[in-house]
Amino acid sequence: MTFLAIGHRGVMGVEPENTLRSFVRADRAGMDVIELDLHLSKDGALVVMHDAEVDRTTDGKGPIGDLTLAELRELDAGQGERIPVFEEVLDAVRAPLQAEIKDVAAARALAEVMNRRDLTGRVEVLSFHDEALLEITRLVPGVRTALVASRYGTEVVGRAVAAGATTLVLNIRRLTLEIVEKAREADLRLIGWTVNTQDHLRLARAFGLDGGTTDFPEIKRTCRFTA
């Protein structure tokens, strides 16, 4: 069975997260898929950052939505890296992408790019928010979507089905065999996060997951030894 090694915000364990430097290193390390996060700037640009505020990962302060793209570009996102926009990541790497959106507004902006650049084959859209998945599904014919959950029970399977998702991306620390079985009965793919240790990798393989999201490129290299 193919087990996908998914680079979390690039390879955030060794490079500044959600930067072109991190994405390019993930691509060169042979990660099967690269995951990133999207927010909208004040002027509507799809910027790549996990938090709603710039404080944790840059030398700036404040909500992303209060800053223009030009203002965001002035910030240091780590080791001199600048905050990228989604289109720059598309052009910088060759790997398939998982794009996580936080709300309906980001879904609409992402839909425009996906339709314009015909990205349904390359980009899978992730979200913790059911309504964001429903919106991107409405706007992008044939889009592949995944529901992400951190704290969940068996009800997460029904949520994914109702949102039209084909994949569940679940906190591996809370995963149970019952949830795995219900997901398989619903014909859902299963990805575990965050798979950063050999113990977590062995657990992912024991559950028969389709892949794991990891901060470290070494996980990709060791996947074949845990089958």
Taking distance alone, no hydrogens or angles, what donor-acceptor pairs closer than 3.5 Å link side-chain atoms of residues 185-192 to residues at least two apart or in another chain?
residue: Arg189; atom: NH1; partner: Glu124; partner atom: OE2; Å: 3.4
residue: Arg189; atom: NH1; partner: Thr167; partner atom: OG1; Å: 2.7

State which residues pass side-chain hydrogen bond (donor to acceptor under 3.5 Å, both in side chains) with [X]; sequence neighbours excluded, sorted by chain then number.
X      : result
Asp43  : Ser41
Thr176 : none
Asp91  : Arg117
His8   : Asp215

Atom pairs and distances, donor-acceptor, side-chain atoms in residues 61-70, under 3.5 Å, two or more places apart:
residue: Thr68; atom: OG1; partner: Glu71; partner atom: N; Å: 3.1
residue: Thr68; atom: OG1; partner: Glu71; partner atom: OE1; Å: 3.4

What residues form a salt bridge (Lys or Arg N to Asp or Glu O under 4.0 Å) with [X], not counting sequence neighbours?
X      : value
Asp37  : Arg9, Lys102
Arg159 : Asp130
Arg122 : none
Arg56  : Glu17, Asp51

- Item | Arg184 bridged to Glu181 by N-O distance under 4.0 Å | no
- Query: Does Arg94 pair with Asp27 as a salt bridge, N-O distance under 4.0 Å?
  - Reply: no
In residues 81-88, what donor-acceptor pairs under 3.5 Å come from side-chain atoms, sequence neighbours left out?
residue: Glu81; atom: OE1; partner: Arg21; partner atom: N; Å: 3.2
residue: Arg82; atom: NH1; partner: Glu74; partner atom: O; Å: 2.9
residue: Arg82; atom: NH1; partner: Leu75; partner atom: O; Å: 2.7
residue: Glu88; atom: OE1; partner: Arg73; partner atom: NH1; Å: 3.1
residue: Glu88; atom: OE1; partner: Arg73; partner atom: NH2; Å: 3.4
residue: Glu88; atom: OE1; partner: Val85; partner atom: N; Å: 3.0
residue: Glu88; atom: OE2; partner: Arg73; partner atom: NH2; Å: 2.9

Which pairs would a plain distance check flag for residues 104-113, meaning a side-chain donor or acceptor within less than 3.5 Å of a matching protein atom at least two apart in sequence or in another chain?
residue: Arg108; atom: NE; partner: Glu135; partner atom: OE2; Å: 2.9
residue: Glu112; atom: OE1; partner: Arg116; partner atom: NH2; Å: 3.2
residue: Glu112; atom: OE2; partner: Arg116; partner atom: NE; Å: 2.9

